[in-house]
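Worth knowing before you read on, the calculation uses all heavy atoms, side chains too, and leaves out hydrogens, waters and symmetry mates.
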Amino acid sequence: MARLDGLRGVLAVYVMLGHALPLTAVPGWAASPFRHGEAAVDLFFALSGLVIAPSLERFGWRFAPFMRARARRLLPVYGLVLAGSIGLTALGDPLRGLAWVGAEGRDIMAGALPPNLLAHVLAHLALVQGVIPQPVLPYAYVTLLGPAWSLSTEWQFYVLIGLAAPQRLGRLALLLLGLGAVYRVLPFGFAFSRAFLPDAAPFFALGLASAARLRGEGGRSFWVCLFGACALALPDGAGKALTPLAWGLVMLAQRQAWGAVLESRVLQYLGAISYPLYLVNEPAQRAVALVLGRVAQGHPGWFSAVFLPASTGLALLLAAWLHRAVERPWMRPARPWSSAVIAADAPE
């Protein structure tokens with residue numbers, strides 16, 4: 001599991017840079033390697049599938065204790081970052097006057113709070129922003145805190161796996177893969193966002209099948225899910241189809257000598273703070289852009305040179321504080337059953 005923690009750190013930093021670079025004047029060739037943030041999140045989903053089932057097993061397959069532990073693990077940090085993000089967004093558009101920021105950057109950083117603000121806030125508080133159809137509440141999944149869209153997807157997965165209590169992981173993995181396949185051919189898929197669980201189901205399936213393989217429950221489901229996830233991703237481009245194969249390398253790295261790089265102290269620490277870092281990087285970038293944008297208009301080089309280290313440093317500092325002051329205290333077991341959440345720290 002130590003190498004998985006290191007991988008979480010790598011993925012969280014990758015997502016952070018992927019959010020920051022489109023706001024700068026960095027040349028396209030330098031930013032292009034970091035334009036695969038969705039692939040990194042898909043790997044997070046596979047990680048969840050790998051570690052959450054053993055977590056549920058430690059709770060004796062009981063739904064309520066499992067979900068209480070998940071809530072203690074996720075909601076305190078999420079609530080604080082969400083409140084901060086809403087407050088920062090209310091201050092205005094940080095990209096106003098930054099003419100070099102293109103459509104990609106403006107898709108990442110909203111200019112203002114959305115209409116129907118109360119409905120968006122309630123959806124985020126309940127973590128159901130990912131299940132609301134687009135015609136009902138447009139862009140609900142990314143309005144107030146962009147990275148939280150995947151947290152809604154994770155929450156849907158936790159409810160599903162908690163209710164299913166799957167003692168046969170391979171079978172549930174194949175069912176999830178089938179759900180993803182059916183979703184891609186149904187005509188109403190356009191009405192939902194990428195945060196809807198069926199869209200990410202093949203990657204959760206891949207993680208569950210990996211857990212089944214590690215438990216010796218049969219490797220057939222792993223290979224079916226691996227190549228099935230590749231096939232289902234092909235319509236979205238070859239790059240998307242490579243993500244399941246990247247997961248295969250992740251599994252290989254757990255037992256190969258070259259995978260030991262993931263055990264370095266730096267990556268282990270980044271893995272420890274990866275959840276708050278993943279959530280707080282976008283609000284940190286907004287805060288820095290609000291300050292710098294007022295004085296950097298017409299100076300893209302100056303803005304970029306200051307923004308990148310300042311926003312990265314602020315995000316790391318905030319994530320470290322959130323981990324130490326909020327995340328870790330809430331993860332301490334209040335009851336005997338909740339101690340399992342520490343041993344099964346899921347990737348968010």
Review point. When you check the gap from the basic side-chain N to the acidic O, do E38 and K240 get nearer than 4.0 Å?
Key: yes
Review point. Can L75 be reached from V77 by stepping across I, L, V, M, F, W or Y side chains whose heavy atoms are under 4.5 Å apart?
Key: yes
Practice item. Find the distance between OH (Y158) and CG (L74) and round it off to the nearest 0.5 Å. Key: 5.0 Å
Check your understanding: Do the side chain of T24 and the main chain of L21 share a donor and acceptor less than 3.5 angstrom apart?
Key -> yes
Review point. What do the steps show when you test F196 against Y183 for ring-ring contact (aromatic ring centres under 6.0 Å, His included), and what is the final call?
Key: CA-CA 10 Å; F196 192 40; Y183 178 70; 5.7 Å; yes
Review point. Rounded to the nearest 0.5 Å, how far apart are CG of L322 and CG of L277?
Key: 10.0 Å
Study note, to complete from the structure: Rounding to 0.5 Å, atoms CZ (F157) and CG (L208) come to a distance of 4.5 Å
Point to revise | Non-hydrogen atoms of S150 and V41 that approach each other most closely | key: CB-CG1, 3.7 Å
Review point. Does a side chain donor of either S210 or W247 reach within less than 3.5 Å of an acceptor in the other side chain?
Key: yes
Point to revise | Any donor-acceptor pair under 3.5 Å from S32 side chain to W29 backbone | key: yes
Check your understanding: Would you say S85's side chain and L144's backbone share a donor-acceptor pair under 3.5 angstrom?
Key -> yes
Exercise for review: Can you label the angle between the F303 ring and the F307 ring as parallel, tilted or perpendicular, going by 30° and 60°?
Suggested key: parallel
Review point. Rounded to the nearest 0.5 Å, what separation is found between the CZ atom of R213 and the CE atom of M251?
Key: 7.0 Å
Review point. Around atom CH2 of W258, are there more than 12 heavy atoms of other residues, nucleotides or ligands at under 6.0 Å?
Key: yes
Practice item. Without swapping roles, check the side chain of Q156 against the backbone of A195 for a donor-acceptor pair under 3.5 Å. Key: yes
Review point. Side chain of Y14, backbone of H36: donor and acceptor closer than 3.5 Å?
Key: yes
Review point. Does L95 offer a backbone N or O that forms a donor-acceptor pair with the side chain of R106 under 3.5 Å?
Key: yes
Exercise for review: Flag yes if more than 12 heavy atoms outside R294 fall under 6.0 Å of its CZ atom; otherwise flag no.
Suggested key: no
